[in-house]
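A quick write-up on the structure given underneath.
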Amino acid sequence: MRTRMVERAREGDEIAFSDLVDLDGDRCYAIAYRILRDAERAQDAVQQAFLIAWRELPRLRDPERFGPWLHRLLVNACHEELRRHRRWSTRIKALPVDGPGGPDTTVSVDDRDALDRAFARLTPDHRSVFVLHHHAGLPLAEIADIVGVPVGTVKSRLHYATRTLRAAIIADSQVDSTEARLA
Amino acid sequence: MNVQRDPDAVLATWLEEGPNRLPEQTHRAISFTTRTTPQRRHAVRLPWRFTTMSTTFKLAVGAAVVIAVVLGGAFVLGPRARDQGVGGGQTPSPSPTVSPSPSPSAAADPLDIATWTTYTSKQYGFSIAHPADWTVDPASRAWTWDDAPESLNPAQENFHSADGHVRVSAWSVPRDAAEGTIFGTPAEGWGAVEEWVQTYCERTGSTPCTDIHGRAVPLCLEKRDCHPGLLVPFDNDVQAFFTNGGEGAPMTVVAVWWGDSEPAVAPYGGSRRLLEAFLSTMDVWQADMTYPENGDAAATFLTTEP
């Protein structure tokens with residue numbers, strides 16, 4: 001059914017394309033938000049990706065490849081957003097205050113802050129690979145296809161990004177621990 | 001009190017935080033732009049009637065049809081009729097019917113490089129000119145082999161036509177010093193460039209990578225002697241490759257992101273002619289040299305080999 005939609009959209013059927021936006025829009029937005037960590041810029045990136053998808057769709061030879069192709073456009077649009085706004089200064093936003101004694105997986109204000117900062121230091125390439133794998137659940141081979149690099153490079157980027165973010169949490173825990181001992 | 005935490009679980013929770021639903025306003029914006037943006041048509045899938053072609057292209061097609069009809073009519077009428085027409089006899093020549101017809105060349109010539117604006121790359125060792133009404137999206141970083149050549153790649157100097165339908169990119173691809181120079185006789189040099197393009201094609205996923213030799217058009221850097229380059233048509237774009245010949249000097253690539261026969265590039269006479277126009281405006285110099293303001297020996301000029 002999805003393939004048929006792509007075929008119809010490729011022939012210029014706007015309704016079929018709108019159906020594809022219905023089908024993939026939420027997922028694209030979720031990915032874009034997590035790469036960009038900004039709702040408005042994520043909306044811009046999704047809009048740009050779908051615009052290019054619509055314009056270039058007649059050149060997509062294999063409708064079955066619409067998914068990876070759209071993801072590729074989305075990742076490029078996100079990179080473009082990051083490039084356009086790379087000089088932005090540190091943004092300060094109000095974060096909800098966590099209650100005490102939460103479960104292990106609770107993301108405290110400090111964790112979130114540490115992760116946001118560590119994630120902001122990652123390159124767009126590292127961010128994309130990390131989000132596509134850990135959030136979108138895409139296999140490494142498909143990510144390699146999307147971002148246009150060998151699987152080995154994807155593995156390396158994923159490893160680096162994960163290690164960096166994990167280290168941010170651990171460092172934050174050690175600070176907490178030290179502060180607890182001193183108290 | 002310190003609480004033991006599982007970093008991966010925290011990371012996973014953090015990653016899942018955030019919106020998962022595309023706002024309705026964005027959905028509406030996409031629908032609106034879809035309605036107002038024409039699709040690019042691939043040559044092999046062109047409908048019998050061009051619904052998205054530009055006015056200029058319509059005029060060009062119209063002029064071509066008129067010329068074909070006139071020439072065909074003259075041929076059918078035979079030598080006598082043609083002689084009368086050419087000799088300015090009693091029969092009015094049909095040619096005046098053609099000459100007032102608007103054509104791309106009757107309007108401002110988009111390939112008149114004298115009117116173009118020169119752009120000097122801050123990322124790479126070249127300058128290149130583009131039509132005055134085009135916009136430039138400068139490269140924000142150096143191109144690496146992890147990059148894919150495409151019209152929006154931020155590692156490329158990307159040029160967009162005023163209507164956004166035509167995109168041209170230029171960038172340099174690093175070569176190892178071990179790869180040596182691409183010199184020798186032109187034939188040897190073209191062979192070396194072709195070999196490099198074959199590798200580039202396979203590594204970057206360009207298509208097709210077969211019969212590059214059969215499709216490639218030789219180029220020469222004309223400043224002193226022929227430093228070889230190649231112009232290669234691919235499925236959906238036409239790219240040119242050349243180096244200034246220094247040891248390990250990068251391979252510079254210029255691409256028009258349309259096949260040669262696409263309607264979008266018809267006002268420019270096709271992708272190849274547009275690419276040749278861009279190439280003819282280029283100056284290339286060694287990466288470790290400053291820009292040759294006086295156009296001295298480091299500058300190069302490209303034309304296609306006759």
Side-chain angles (χ1 to χ4, degrees), chain A residues 10 12 14 17-18 21-22 25-30 33-34 37 39 42-43 46-47 50-52 54-59 61 72-73 76-77 79-80 83 86 101-102 104-108 111-112 115-116 125 130-131 134-135 147-150 153 162 165-166 169-170 173 176-177 180-181, chain B residues 1-23 25-27 29-31 33-35 37-42 44-47 51-52 137 140-141 144-154 164-165 203-205 207 235-236 257-259 262:
Chain A
R10 197 171 60 179
E14 292 166 13
F17 190 76
S18 182
V21 178
D22 284 342
D26 289 348
R27 180 175 165 87
C28 284
Y29 179 58
Y33 173 81
R34 281 155 184 85
R37 312 300 297 178
Q43 289 167 35
V46 171
Q47 190 176 337
F50 274 111
L51 172 62
I52 295 175
W54 165 254
R55 208 172 57 195
E56 306 285 345
L57 201 47
R59 301 172 72 183
R61 292 184 169 185
R72 184 174 198 149
L73 297 178
N76 284 342
H79 288 196
E80 181 67 14
R83 191 190 66 75
R86 64 185 162 165
D104 288 354
T105 58
T106 296
V107 184
S108 69
D111 282 336
R112 191 177 289 115
L115 284 168
D116 284 343
D125 291 332
F130 181 81
V131 170
H134 286 304
H135 171 73
V147 299
V149 298
T153 307
T162 309
L165 294 172
R166 200 182 279 145
I169 301 171
I170 292 169
S173 300
D176 285 351
S177 177
R181 276 202 307 273
Chain B
M1 188 182 75
N2 183 36
V3 179
Q4 290 296 320
R5 293 171 301 170
D6 174 0
D8 287 347
V10 173
L11 194 48
T13 305
W14 170 80
L15 189 59
E16 292 315 306
E17 288 180 348
N20 287 306
R21 190 164 178 76
L22 185 67
Q25 74 221 36
T26 310
H27 202 302
I30 293 169
S31 297
T33 49
T34 302
R35 283 199 302 275
T37 304
Q39 285 185 314
R40 290 182 177 179
R41 293 278 157 203
H42 193 280
V44 297
R45 295 199 188 95
L46 279 175
T51 54
T52 60
D137 194 4
S140 59
R141 59 178 173 80
T144 72
W145 281 105
D146 286 341
D147 279 299
E150 57 190 349
S151 63
L152 290 175
N153 189 322
H165 289 175
R203 286 183 70 174
T204 59
T207 55
D235 275 347
N236 297 314
W257 302 109
W258 280 116
E262 298 281 356

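Numbers restart at 1 for each chain; the letters A, B, ... are given by sequence-line order, proteins then strands.
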Taking side chain as everything from C-beta outward and backbone as N, CA, C, O, which of these in [X] sits under 4.5 Å from a heavy atom of chain A? Side chain, backbone, both or neither.
| X | answer |
| --- | --- |
| D137(B) | side chain |
| T34(B) | both |
| E17(B) | both |

task = Under 4.5 Å, counting heavy-atom pairs only, tell me which of F50(A), F130(A), F17(A), Y29(A) racks up the most with chain B.
result =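 Most heavy-atom pairs under 4.5 Å with chain B: Y29(A).
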
Top of L73(A), D125(A), V147(A), N76(A) for chain B proximity - count of heavy-atom pairs under 4.5 angstrom =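 Winner by heavy-atom pair count: N76(A).
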
Does [Y] offer a backbone N or O that forms a donor-acceptor pair with the side chain of [X] under 3.5 Å?
| X | Y | result |
| --- | --- | --- |
| R34(A) | L15(B) | yes |
| D26(A) | L22(B) | yes |
| D147(B) | T144(B) | yes |
| R55(A) | H165(B) | no |

request  = Identify which part of S18(A) has an atom lying under 4.5 Å from any heavy atom of chain B, answering side chain, backbone, both or neither.
outcome  =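 Contact with chain B: backbone and side chain both.
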
key: chain B contact via L51(A) - which portion, at a heavy-atom distance below 4.5 Å   =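 Contact with chain B: side chain only.
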
task = Applying salt bridge (charged side-chain N to carboxylate O under 4.0 Å, His left out), name anything that partners E56(A), two or more places apart in sequence or on another chain.
result =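 With sequence neighbours excluded, E56(A) shows a salt bridge (charged side-chain N to carboxylate O under 4.0 Å, His left out) to R59(A), R40(B), given in chain and number order.
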
key: Counterpart residues, salt bridge (charged side-chain N to carboxylate O under 4.0 Å, His left out), relative to D22(A) (two or more places apart)   =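 Not a single residue meets the salt bridge (charged side-chain N to carboxylate O under 4.0 Å, His left out) criterion with D22(A).
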
Heavy-atom pair with the smallest gap, counting every atom of Q25(B) and Q43(A) =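 Nearest pair, atom of Q25(B) first, then Q43(A): NE2-OE1, 3.6 Å.
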
Tell me which of these, [options], has more heavy-atom pairs under 4.5 Å with chain A than the rest.
| options | result |
| --- | --- |
| D8(B), T204(B), L152(B) | D8(B) |
| P23(B), A29(B), A148(B) | P23(B) |
| P19(B), G18(B), P154(B), G259(B) | P19(B) |

